[in-house]
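Please read these numbers as outputs of a predicted model, since none were measured by experiment. Order of the sequence lines fixes the chain letters, A, B, ..., with proteins taken first and strands second; residue numbering starts at 1 for each chain.
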Amino acid sequence: MPFKNKFIQQRIEKSETLRKEGFNPYSNDSHRNCTIKKFLNVNSDIAEMEEKRDENRNYIVSGRIKLLRIMGKASFVKIEDESGTLQIYVARDNLAEGFYNDVFKKNIEVGDIIEISGYPFVTGQGELSLHADNLKMLTKAISPLPEKFHGVTDKEIRYRKRYLDLIMNSEVRKTFQTRSKVISLTRRFFEDKGFLEVETPMMHPIAGGANAKPFVTHHNALGINRFLRIAPELYLKRLIVGGFEAVFEINRNFRNEGMDATHNPEFTSIEFYWAYKTYKDLIKITKEYFEYLFEHLNLPTLLPYGDLKINFDNFVEIPLIESLTTIGGVPAEITSDKEKIVAYLNSKNVTVKPGLNLGQLQGELFDEFVEEKLIDPTFITEYPVEISPLARRSDANPEITERFELFIAGREIANAFSELNDPVDQLSRFEGQMDAKDAGDDEAHEMDLDFIEALSYGMAPTAGQGIGIDRLVMLLTNEHSIRDVLLFPAMKPIINEEHNQEEEN
RNA sequence: GUCUUGUUAGCUCAGCUGGUAGAGCACGUCACUUUUAAUGAUGUGGCCGAUGGUUCGAAUCCAUCACAGGACACCA
């Protein structure tokens, strides 16, 4: 039952009173001619004037009331629009007869969205303000705003009711403005390099391009299941086969897995594919990309992140096997022996699933002993072929691939490789994944014969990369939960007990 | 999925070893024409997350459930 709360009832009554007195509580007759930011900029000279005011100027601003200080025959009102906050001085004798006492003081309150006209002046306390000569209700808020000083801090309310979070916490708006800029800069960076932005299906007949569990949905017309995509990779590579030489896609992926500070079931990535290039070129363009972002976002290259300082002038490059010993402290003599790795992991109280192959075990060592130590940007290269089913083998050593993952602050930010374009090898890799699936690995890559056929027509040598946008934004905004960089993070629904019982009947 | 902590007024939070629910802000009323979380006076406001149990008596103890935060596991 909505609106049963007594505060809401009170406010609805005020809204009705306004209507009766001829003031539409939901007027759209708005005449704003100045944002708050502009008002503050344009009138910054008022402070130097002898009178501290200029009654010849007039502005109409609007915004939500954030603070209200009523002092008898005059009041101060803080309003906020998207651009900033402004103090309004409202005095009884400057408004229409009776308006101040009968309308303003009784029916206008914190949370309402109003429009005010008046002239700029500077108060005795030195604050540039607007001296109101007219005030109009634009939107009555019937729910009271959270407490003015503490705001909302309850994370559950902040995520479930993001609008309240955005009203109360201006720094949250900044985070999402930065997110928007990152995406826009990313798009511009790749477009300027000659990449073509494309859109590939979100609903896949086979969920490929990554090792992950998909969401399933049903297409009634065809009577078949579809999978929400876990990655766009195989479709983007089909476009390279088709003759596009540089493509990228910025969009959502969906993975049916756990949720925590760095995982949301839907997340945003950019994937880009670049013909006639190798993963070495990707390392170069990745460094350029970060330089570009830092320059346009005005960020220091010694970036604070929580207690860390991340040095973005210090990109490190190291092969995976080497990192195990030099960074992870794993004895070099065990890193290519399955039994010794298992014994070593067990000795460190790490339990491993039985039947893992050498590459998977090396991956375990990396995840366990190296990943969290990679603070400055680090390209880990030369991944084992067993855990890289879509990457090209190294010519020098067919057991490893021409691949890297970029780690920053202990987290994977990007995954990239020279693409496997040998259709026969790709087929046998998929078959290897099928064996892993039969052995119980439910995240092994699916067989995609249509993709194999595409490769069989010839895909130019290509390098491709994916970057997790959410985690990147976390780094750049100094946020430590993915929920703080998603406007509407995934939350469990709140079960309404009454409603539930009805459904069961 | 496991462990752990939390859930009390619209918001931010108190509430000790069980004894009939508290503050600040907000809101109502009154005073106040330059305040800065305005101030002073006064009042209203609660199924103490849900359901069971123990008890003469439960916000408080126990169990189950729901949701959230954190950690771990899996993964990007």
Side-chain angles (χ1 to χ4, degrees), chain A residues 4-11 13-14 52-53 66-78 85 87-94 100 105-106 109-111 121-127 129 131 141-161 164 167-168 209-213 230-231 253-269 271 350-353 363-364 367-368 371 405-407 411-415 441-443 466-472 474 480-483 489 491-498 500:
Chain A
K4 68 175 182 192
N5 177 284
K6 68 158 197 156
F7 296 106
I8 295 179
Q9 283 300 329
Q10 248 171 31
R11 284 174 163 253
E13 277 168 36
K14 292 181 183 185
K52 304 278 188 199
R53 63 184 58 218
K66 298 299 288 292
L67 286 172
L68 196 52
R69 291 187 279 272
I70 296 178
M71 300 166 303
K73 299 179 188 65
S75 299
F76 287 94
V77 187
K78 275 258 159 73
T85 61
Q87 176 168 270
I88 313 291
Y89 179 69
V90 183
R92 185 190 66 182
D93 299 341
N94 293 305
Y100 181 81
K105 270 167 68 173
K106 288 200 162 63
E109 57 205 315
V110 172
F121 80 114
V122 171
T123 65
Q125 300 295 311
E127 181 166 348
S129 307
H131 203 291
I142 61 169
S143 281
L145 242 35
E147 203 251 8
K148 62 186 175 187
F149 188 59
H150 298 94
V152 267
T153 57
D154 185 304
K155 285 202 155 117
E156 184 167 358
I157 298 177
R158 290 186 46 220
Y159 298 147
R160 285 192 197 277
K161 305 185 185 181
L164 273 185
I167 289 172
M168 299 307 296
N211 298 351
K213 295 187 203 98
I230 56 174
N253 297 316
F254 307 87
R255 298 193 185 174
N256 205 340
E257 288 160 356
M259 297 154 60
D260 62 25
T262 54
H263 297 85
N264 194 69
E266 50 182 308
F267 64 100
T268 301
S269 71
E271 287 203 15
V350 182
T351 50
V352 283
K353 282 182 277 186
E364 289 286 325
D367 292 345
E368 197 63 38
E371 181 169 2
E405 290 195 345
L406 173 63
F407 292 87
R411 281 205 284 267
E412 184 190 337
I413 295 293
N415 180 19
D441 182 356
D442 55 3
E443 285 179 356
I467 302 173
I469 296 291
D470 311 288
R471 291 183 180 182
L472 178 61
M474 283 168 68
H480 295 257
S481 170
I482 196 168
R483 293 187 175 99
M491 301 290 277
K492 278 200 196 181
I494 296 172
I495 295 164
N496 181 328
E497 307 240 331
E498 290 169 36
N500 225 28

Residue [X], side-chain atoms from C-beta onward, closest of [options]:
{"X": "Glu109(A)", "options": "C67(B), C27(B), A37(B)", "value": "C27(B)"}
{"X": "Glu147(A)", "options": "U34(B), A68(B), G24(B)", "value": "G24(B)"}
{"X": "Ala91(A)", "options": "U35(B), G28(B), U33(B)", "value": "U33(B)"}
{"X": "Lys6(A)", "options": "G10(B), A68(B), G45(B)", "value": "G45(B)"}
{"X": "Lys14(A)", "options": "U35(B), C27(B), C13(B)", "value": "C27(B)"}
{"X": "Pro146(A)", "options": "C11(B), U36(B), A68(B)", "value": "C11(B)"}
{"X": "Asp260(A)", "options": "A73(B), U36(B), C11(B)", "value": "A73(B)"}

Say we look at [N] and [M]: how far apart would their [atom1] atoms be, to the nearest angstrom?
{"N": "C27(B)", "M": "U54(B)", "atom1": "P", "answer": "46 Å"}
{"N": "C61(B)", "M": "C48(B)", "atom1": "C1'", "answer": "15 Å"}
{"N": "A9(B)", "M": "A21(B)", "atom1": "P", "answer": "14 Å"}
{"N": "G19(B)", "M": "A23(B)", "atom1": "C1'", "answer": "22 Å"}
{"N": "G49(B)", "M": "A58(B)", "atom1": "P", "answer": "15 Å"}
{"N": "U60(B)", "M": "A71(B)", "atom1": "P", "answer": "29 Å"}
{"N": "C72(B)", "M": "U64(B)", "atom1": "C1'", "answer": "24 Å"}
{"N": "G46(B)", "M": "G10(B)", "atom1": "C1'", "answer": "12 Å"}

Checklist line | Any N/O donor-acceptor pair, Gln87(A) side-chain to U35(B) base, under 3.5 Å | finding: yes
Item checked: Quiz item: Tyr89(A) side-chain donor-acceptor pair to U33(B) base, under 3.5 Å ->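 Yes, a donor-acceptor pair under 3.5 Å.
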Considering every strand shown, what is the Watson-Crick or G-U wobble mate of [N] when both distances are under 3.5 Å?
{"N": "C27(B)", "value": "G43(B)"}
{"N": "U33(B)", "value": "none"}
{"N": "U55(B)", "value": "none"}
{"N": "C16(B)", "value": "none"}
{"N": "C3(B)", "value": "G70(B)"}
{"N": "C48(B)", "value": "none"}

[X] side-chain N/O to [Y] backbone N/O, donor-acceptor pair under 3.5 Å:
{"X": "Arg11(A)", "Y": "Ala141(A)", "answer": "yes"}
{"X": "Tyr100(A)", "Y": "Ala91(A)", "answer": "no"}
{"X": "Ser481(A)", "Y": "Arg483(A)", "answer": "yes"}
{"X": "Asn264(A)", "Y": "Phe267(A)", "answer": "no"}

Please work out if [X] contacts a base, only the sugar-phosphate, or nothing of the nucleic acid, heavy-atom cut-off 4.0 Å.
{"X": "Gly151(A)", "value": "sugar-phosphate"}
{"X": "Asn264(A)", "value": "base"}
{"X": "Thr123(A)", "value": "base"}
{"X": "Lys78(A)", "value": "base"}
{"X": "Ile70(A)", "value": "base"}
{"X": "Phe121(A)", "value": "base"}
{"X": "Met491(A)", "value": "sugar-phosphate"}
{"X": "Gly468(A)", "value": "nothing"}
{"X": "Arg411(A)", "value": "nothing"}

Locate the shortest heavy-atom distance separating [X] from [Y]; write the atom from each residue and the value.
{"X": "Thr262(A)", "Y": "Arg411(A)", "value": "CG2-CD, 3.3 Å"}
{"X": "Leu145(A)", "Y": "Gly111(A)", "value": "CD2-CA, 3.7 Å"}
{"X": "Ala231(A)", "Y": "Asn253(A)", "value": "CA-OD1, 3.6 Å"}
{"X": "Lys78(A)", "Y": "Arg69(A)", "value": "NZ-NH2, 4.1 Å"}
{"X": "Met474(A)", "Y": "Ala261(A)", "value": "CE-O, 3.8 Å"}

Next item on the list: Could you tell me how the ring of Tyr89(A) sits relative to the ring of Phe76(A): parallel (under 30°), tilted (30 to 60°) or perpendicular (over 60°)?
Entry: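 Correct class here is tilted.
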Whole angstrom is fine here: how far is it from [atom1] in [X] over to [atom2] in [N]?
{"X": "Lys161(A)", "N": "G10(B)", "atom1": "NZ", "atom2": "P", "answer": "11 Å"}
{"X": "His131(A)", "N": "U35(B)", "atom1": "NE2", "atom2": "P", "answer": "14 Å"}
{"X": "Leu68(A)", "N": "C25(B)", "atom1": "CG", "atom2": "P", "answer": "15 Å"}
{"X": "Glu371(A)", "N": "A73(B)", "atom1": "CD", "atom2": "P", "answer": "11 Å"}
{"X": "Gln9(A)", "N": "C27(B)", "atom1": "CD", "atom2": "P", "answer": "17 Å"}
{"X": "Lys73(A)", "N": "U35(B)", "atom1": "NZ", "atom2": "C1'", "answer": "16 Å"}
{"X": "Glu156(A)", "N": "U12(B)", "atom1": "CD", "atom2": "P", "answer": "11 Å"}
{"X": "Asp154(A)", "N": "C11(B)", "atom1": "CG", "atom2": "P", "answer": "8 Å"}

Does [X] have a side-chain nitrogen or oxygen under 4.0 Å from the phosphate oxygens OP1 or OP2 of [N]?
{"X": "Lys148(A)", "N": "A26(B)", "value": "yes"}
{"X": "Gln125(A)", "N": "U35(B)", "value": "yes"}
{"X": "Arg69(A)", "N": "A38(B)", "value": "yes"}
{"X": "Lys155(A)", "N": "A68(B)", "value": "no"}
{"X": "Arg158(A)", "N": "G69(B)", "value": "no"}
{"X": "Ser481(A)", "N": "G69(B)", "value": "no"}
{"X": "Ser143(A)", "N": "G10(B)", "value": "no"}

Notebook entry, point to check: Hey, which of these two, Leu67(A) or Thr153(A), hits RNA chain B nearer its 5' end, going by closest nucleotide?
Noted result: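 Comparing both residues, the 5'-ward one is Thr153(A).
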Check: Of Leu145(A) and Gly124(A), whose nearest nucleotide on RNA chain B comes first from the 5' end?
Finding: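 It is Leu145(A), whose closest nucleotide lies nearer the 5' terminus.
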Margin query: For G10(B), is there a stacking contact with Phe7(A), counting only centres under 5.5 Å and planes under 30°?
Written below: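 Per 5.5 Å and 30° rule: no stacking.
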